[in-house]
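In this chain, numbering begins with 1 at the start of the sequence shown. Hydrogens, waters and symmetry mates play no part in the numbers below; they use all other heavy atoms, side chains included.
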Amino acid sequence: MLEQLKQRVCQANLELVRHGLVIFTWGNVSAIDRKSGLVVIKPSGVNYDHLYPEHMVVVDLDGNIVEGNLKPSSDTPTHIAIYKAFPNVGGVVHTHSTYATGWAQAGIDIPNIGTTHADHFHHDIPCTEDMTEQEVMGNYELETGNVIVRRFKELNIDPDHTAAVLVKGHGPFTWGESPEQAVMNSVVLEQVAKMAFIAYSVNPSLKMNPLLVEKHFSRKHGPNAYYGQTKK
């Protein structure tokens, strides 16, 4: 079942290791097959050195295991909440990458203060609010997804144009049209988190030109984008 998608999800998980975004078992990638409504996700607690496509777990949008002999990632309900709320998402990534997690632990948005950020993400990377006692002690992973979705609604941010979030005190989640794009967004997120940390260390009072943000984002995204080669 969904054999090609299992291979892609497995490879996407291994890409997290290659890019230095995870150690031990600290991360996961999933992908959704929108036609069937099934999600393929990394199994819980399996080391990346011993991870193969046949280990991937298939679940439905209620979190029930449809295929697989291993338990799915404990973050599965968070992934599902994102898929349900953001219809254009095809893949979701969670890591504990150093700089992005540092911003999440500080509880601060990653500000859009440079063209590298603006090329890829339209807005600041939002950080969620503190979770309530009821949310933490209840269905924690599902509520994690709910606070992500709620934050985007509160800020009126397009999740397709700013495909990343920091969960306060926890770490980053990213997404994209595919698991491969979601991984790329995680790589970029970690880089802009690092750049922002350095920039604020050098100049805590820095400001970004909003016109430059719009210029760099729009030249890569939207109807007037002109970056790259024209598709024939």
Look at the side chain of [X] and the backbone N and O of [Y], then say whether any donor-acceptor pair between them is shorter than 3.5 Å.
X: Asp124; Y: Asn112; result: yes
X: Asp62; Y: Asn64; result: no
X: Thr174; Y: Ala182; result: yes
X: Ser178; Y: Gly90; result: no
X: Thr128; Y: Lys168; result: yes
X: Arg219; Y: Asp119; result: no

Indicate the atoms forming the closest heavy-atom contact of [X] with [Y], along with that distance.
X: Ala104; Y: Cys127; value: O-SG, 4.2 Å
X: Asn185; Y: Gly176; value: ND2-CA, 4.2 Å
X: Pro126; Y: Thr162; value: CD-CG2, 4.3 Å
X: Glu135; Y: Thr132; value: OE1-N, 2.8 Å
X: Ala193; Y: Ala100; value: CB-N, 3.7 Å
X: Phe197; Y: Tyr99; value: CD2-CE2, 3.6 Å

Decide whether [X] and [Y] are clustered together by the hydrophobic rule: side chain heavy atoms of Ile, Leu, Val, Met, Phe, Trp, Tyr closer than 4.5 Å, transitively.
X: Val165; Y: Phe217; answer: no
X: Leu142; Y: Val167; answer: no
X: Val39; Y: Ile148; answer: yes
X: Tyr48; Y: Tyr52; answer: no
X: Ile110; Y: Leu206; answer: yes

Give, for atom [atom1] of [X] and atom [atom2] of [Y], the distance between the pair rounded to the nearest 0.5 Å.
X: Lys153; Y: Arg150; atom1: NZ; atom2: CZ; answer: 10.0 Å
X: His79; Y: Leu61; atom1: NE2; atom2: CG; answer: 13.5 Å
X: Ile23; Y: Leu16; atom1: CD1; atom2: CG; answer: 13.0 Å
X: Phe24; Y: Asp49; atom1: CZ; atom2: CG; answer: 10.5 Å
X: Leu14; Y: Lys42; atom1: CG; atom2: NZ; answer: 10.0 Å
X: Asp109; Y: Leu155; atom1: CG; atom2: CG; answer: 7.0 Å

Query raised in the report: Checking side chain to side chain donor-acceptor pair (under 3.5 Å) for the pair Asn203/Ser205: CA distance, chi angles, key distance, verdict?
Result: CA-CA 5 Å; Asn203 181 8; Ser205 62; 3.0 Å; yes
Flag side-chain contact, heavy atom, 4.5 Å: [X] against [Y]:
X: Phe121; Y: Val188; answer: yes
X: Tyr200; Y: Ile113; answer: yes
X: Thr101; Y: Gln105; answer: yes
X: Pro43; Y: Leu51; answer: yes
X: Ile125; Y: Leu166; answer: yes
X: Ser73; Y: Thr76; answer: yes
X: Thr116; Y: Met195; answer: yes
X: Met131; Y: Thr144; answer: yes

Requested in this report: Using only heavy-atom distances, determine whether the side chains of His122 and His120 contain a donor-acceptor pair under 3.5 Å.
Outcome: no
Query - side-chain contact (heavy atoms from CB on, under 4.5 Å) evaluation trace for His161 with His123 - result: CA-CA 8 Å; His161 289 167; His123 296 285; 5.9 Å; no
**Report entry** Full working for side-chain contact (heavy atoms from CB on, under 4.5 Å) between Asp33 and Val40
**Finding:** CA-CA 8 Å; Asp33 176 61; Val40 177; over 6 Å; no
Requested in this report: Please test Val9 against Ile41 for side-chain contact (heavy atoms from CB on, under 4.5 Å), starting from the C-alpha separation and ending with a verdict.
Outcome: CA-CA 7 Å; Val9 170; Ile41 194 165; 5.8 Å; no
Report task. List the steps and the verdict of side chain to side chain donor-acceptor pair (under 3.5 Å) for Gln11 and Glu15. Result -> CA-CA 6 Å; Gln11 184 59 42; Glu15 286 295 302; 3.2 Å; yes
Give me the ring orientation class for [X] and [Y]: parallel if the planes are under 30° apart, tilted from 30 to 60°, perpendicular past 60°.
X: His94; Y: Phe173; result: parallel
X: Phe86; Y: Trp175; result: tilted
X: His170; Y: His96; result: tilted

**Report entry** Residue among His19, Lys194, Glu190 satisfying side chain to side chain donor-acceptor pair (under 3.5 Å) with Ser97
**Finding:**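 In the set His19, Lys194, Glu190, the residue that makes a side chain to side chain donor-acceptor pair (under 3.5 Å) with Ser97 is Glu190.
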Query raised in the report: Around atom CG of Asn47, are there more than 12 heavy atoms of other residues, nucleotides or ligands at under 6.0 Å?
Result: yes
Report task. Inspect the surroundings of CD in Glu177 and state if more than 12 heavy atoms from other residues, nucleotides or ligands are less than 6.0 Å away. Result ->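 Counting neighbours around CD of Glu177, 12 or fewer heavy atoms of other residues, nucleotides or ligands fall under 6.0 Å, so no.
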Requested in this report: For Asn69, check side-chain contact (heavy atoms from CB on, under 4.5 Å) against everything at least two apart and list the hits.
Outcome: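 Applying side-chain contact (heavy atoms from CB on, under 4.5 Å) to Asn69 gives none.
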Query raised in the report: Among all residues two or more places apart in sequence or in another chain, which pass the side-chain contact (heavy atoms from CB on, under 4.5 Å) test with Ile65?
Result: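 Checked Ile65 against side-chain contact (heavy atoms from CB on, under 4.5 Å); matches are Val57, Val59, Pro72.
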Query raised in the report: Taking only residues at least two apart or on different chains, which pairs with a member in residues 1-11 satisfy salt bridge (Lys or Arg N to Asp or Glu O under 4.0 Å)?
Result: Glu3-Lys6, Lys6-Glu67, Arg8-Glu180
Report task. Just do the side-chain contact (heavy atoms from CB on, under 4.5 Å) check on Ser30 and Val92 with the steps written out, would you? Result -> CA-CA 5 Å; Ser30 72; Val92 176; 3.8 Å; yes
